[in-house]
Amino acid sequence: MNRSTLFRAAVAAAGVSLLAACGGNASADGEEKKPSSAGSTPSSAEAFTVTHVGGPTAVLEIAGQRILIDPTFDAPKKYKSGMSKTKGPAFGPEKLGKIDAVLLSHDQHDDNLDGKGRELLKDVPVVFSTPGAHKRLGDHITPMKSWEAQELKSSGSTIKVTAVPALHGPDGVDRGADGEVTGFVLSGKGVPTTYISGDNASVKVAKQVGDRIKKDIGAIDTAILFAGAARTPAILDNAPLTLTSKNAALVAKDLNPRKVVPIHTDSWDIYSEDIQSLVKAFEDQGVADKLVGLEPAGEKKDLS
């Protein structure tokens, strides 16, 4: 039995459809039970979906707003940085539709912001990212330091966007400006509390973020984890720069979100681990029922 089959079996056993990740936890008698934490569960009045475009790029529809994560829309190519894109996006920017905001974990690496992604930023009303991205890309970028919050308002909702720490490498390293990266938390009335890790490789940092979220906001509904164990010989002697499969599973186990959306495992040559190894790690940690399957890329998945 291959890993893809194991993934489907693990998710099916938990009472969760791989093709439509419906909410709730199954009890021993098979009855579905919804989480009860106030403010952390999806609103029945609004769609809560994710569409994986490829690599770290995804469209999140939440509380009536459409948010794009780390836009990468180039065709396969090799970059001056030395990394290569091995697979194009599921669709191009012309098929994105209206985007209310971009959450950009960082701008200095091609796998998180490529050429067409940079062009797209000019047409988006709001782009949240790091202070360094603001310096490099200009005033269209709203810089956010860790634990700083901004609001995204629409006619029907207000989403609180909080920047959270992320470590682009192993614990104890300081990569300076080249490693500056941020994660995000989305929250608010009727907003499923959603943690977006960004290019964080540290279980310790993710745990600290999770502890503070739970204390200040409440239970985490959904975690979008950048995995793939990205590596390059030129940086930190090939150490993982994003979550390994095992560490992603440990983060999921510690934060205990209702759902885990894995991205950043495909379309680039820097990943040392793929979705199959991620599934195995989640099985080993007993949290495979939380995984939302995002294959094939480009399909909208229900997170409600």
Side-chain angles (χ1 to χ4, degrees), residues 47 49-81 83-144 150-154 159 161 163 166 168 178 180-184 186 194 196-199 224 226 228 230 242 261 263-271 294 296-301:
T49 69
V50 63
T51 304
H52 187 207
V53 180
T57 307
V59 179
L60 191 64
E61 296 185 38
I62 182 170
Q65 301 194 52
R66 301 184 78 246
I67 296 173
L68 178 63
I69 300 169
D70 280 13
T72 56
F73 288 95
D74 285 353
K77 61 180 289 187
K78 185 165 185 176
Y79 294 83
K80 292 180 179 179
S81 61
M83 70 175 66
S84 294
K85 191 169 190 179
T86 59
K87 183 180 178 181
F91 52 81
E94 70 281 355
K95 293 186 178 181
L96 265 178
K98 179 177 179 289
I99 295 295
D100 296 291
V102 166
L103 302 181
L104 177 62
S105 67
H106 60 304
D107 70 299
Q108 62 270 38
H109 301 142
D110 298 309
D111 62 306
N112 296 89
L113 182 68
D114 61 15
K116 287 190 176 180
R118 288 173 183 270
E119 294 174 10
L120 180 147
L121 295 184
K122 303 170 186 176
D123 299 321
V124 178
V126 181
V127 181
F128 295 124
S129 193
T130 64
H134 175 257
K135 291 178 182 178
R136 287 182 289 269
L137 301 179
D139 290 340
H140 188 51
I141 309 300
T142 300
M144 298 183 71
Q150 298 279 351
E151 289 186 340
L152 275 177
K153 294 186 177 182
S154 69
I159 299 175
V161 180
H168 204 358
D178 184 61
E180 182 189 35
V181 62
T182 187
F184 299 94
L186 308 179
T194 302
I196 301 164
S197 72
D199 270 13
I224 300 177
F226 288 36
T242 56
V261 178
I263 58 176
H264 202 274
T265 65
D266 63 273
S267 303
W268 295 83
D269 68 348
I270 57 172
Y271 304 130
L294 289 180
E299 286 190 8
K300 185 181 293 187
K301 306 294 181 180

Side chains of [X] and [Y]: does their closest heavy-atom pair fall under 4.5 Å?
| X | Y | answer |
| --- | --- | --- |
| F226 | N112 | yes |
| T49 | K301 | no |
| I224 | L60 | yes |
| K300 | E61 | yes |
| F73 | E119 | no |
| Q108 | E180 | yes |
| L152 | V126 | yes |
| L186 | I62 | yes |

For [X] and [Y], which I'm curious about, is there any donor-acceptor pair between the side chains at under 3.5 Å?
| X | Y | result |
| --- | --- | --- |
| D199 | T242 | no |
| Y79 | D74 | yes |
| D178 | H168 | no |
| T182 | T130 | no |

Under 3.5 Å, sequence neighbours excluded: what are the donor-acceptor pairs made by side chains of residues 86-93?
| unit_1 | atom_1 | unit_2 | atom_2 | d |
| --- | --- | --- | --- | --- |
| T86 | OG1 | S267 | O | 3.3 |

Basic-acidic side-chain contact under 4.0 Å: D114, K116:
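No, this pair does not count.
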Is the shortest side-chain N to carboxylate O distance from R136 to D107 below 4.0 Å?
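Answer for the salt bridge query: yes.
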Given side chain to side chain contact (heavy atoms under 4.5 Å, CB included), test H134 with T142 step by step and report yes or no.
CA-CA 7 Å; H134 175 257; T142 300; over 6 Å; no
Nearest heavy-atom pair of [X] and [Y]: which atoms, and what distance?
| X | Y | answer |
| --- | --- | --- |
| G183 | A166 | N-CB, 4.0 Å |
| S105 | G198 | CB-CA, 4.0 Å |
| R66 | V59 | NH2-CG1, 3.6 Å |
| H140 | P125 | CE1-O, 3.9 Å |

Donor-acceptor pair, D269 side chain versus M83 backbone, under 3.5 Å?
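No.
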Is there a donor-acceptor pair under 3.5 Å between the side chain of R118 and the backbone N or O of P71?
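Side chain of R118 to backbone of P71: no pair is present.
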Carefully, step by step, assess I263 and H52 under the rule side chain to side chain contact (heavy atoms under 4.5 Å, CB included).
CA-CA 8 Å; I263 58 176; H52 187 207; 3.8 Å; yes
Would you give the length of the straight line joining atom CG of L103 to atom CD1 of I69, rounded to the nearest 0.5 angstrom?
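That separation rounds to 6.0 Å.
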Say you draw a straight line from CG of L137 to OG of S129; how long is it, rounded to the nearest 0.5 Å?
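It is 7.0 Å, given to the nearest 0.5 Å.
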Picking from T72, L121, L120, what satisfies side chain to side chain contact (heavy atoms under 4.5 Å, CB included) with L113?
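Per the side chain to side chain contact (heavy atoms under 4.5 Å, CB included) rule, the option paired with L113 is L121, out of T72, L121, L120.
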Before you tell me yes or no, could you show the steps for E151 and V161 under side chain to side chain contact (heavy atoms under 4.5 Å, CB included), namely the whole-Å CA-CA distance, both residues' side-chain angles and the distance that decides it to 0.1 Å?
CA-CA 6 Å; E151 289 186 340; V161 180; over 6 Å; no
Decide side-chain hydrogen bond (donor to acceptor under 3.5 Å, both in side chains) for D70 and T57; before the verdict, give the C-alpha distance in whole Å, the side-chain angles of both, and the deciding distance to 0.1 Å.
CA-CA 5 Å; D70 280 13; T57 307; over 6 Å; no
Please determine whether side chain to side chain contact (heavy atoms under 4.5 Å, CB included) holds for the pair I67 and F184, giving the CA-CA distance in whole Å, both sets of side-chain angles, and the decisive distance to 0.1 Å.
CA-CA 12 Å; I67 296 173; F184 299 94; over 6 Å; no
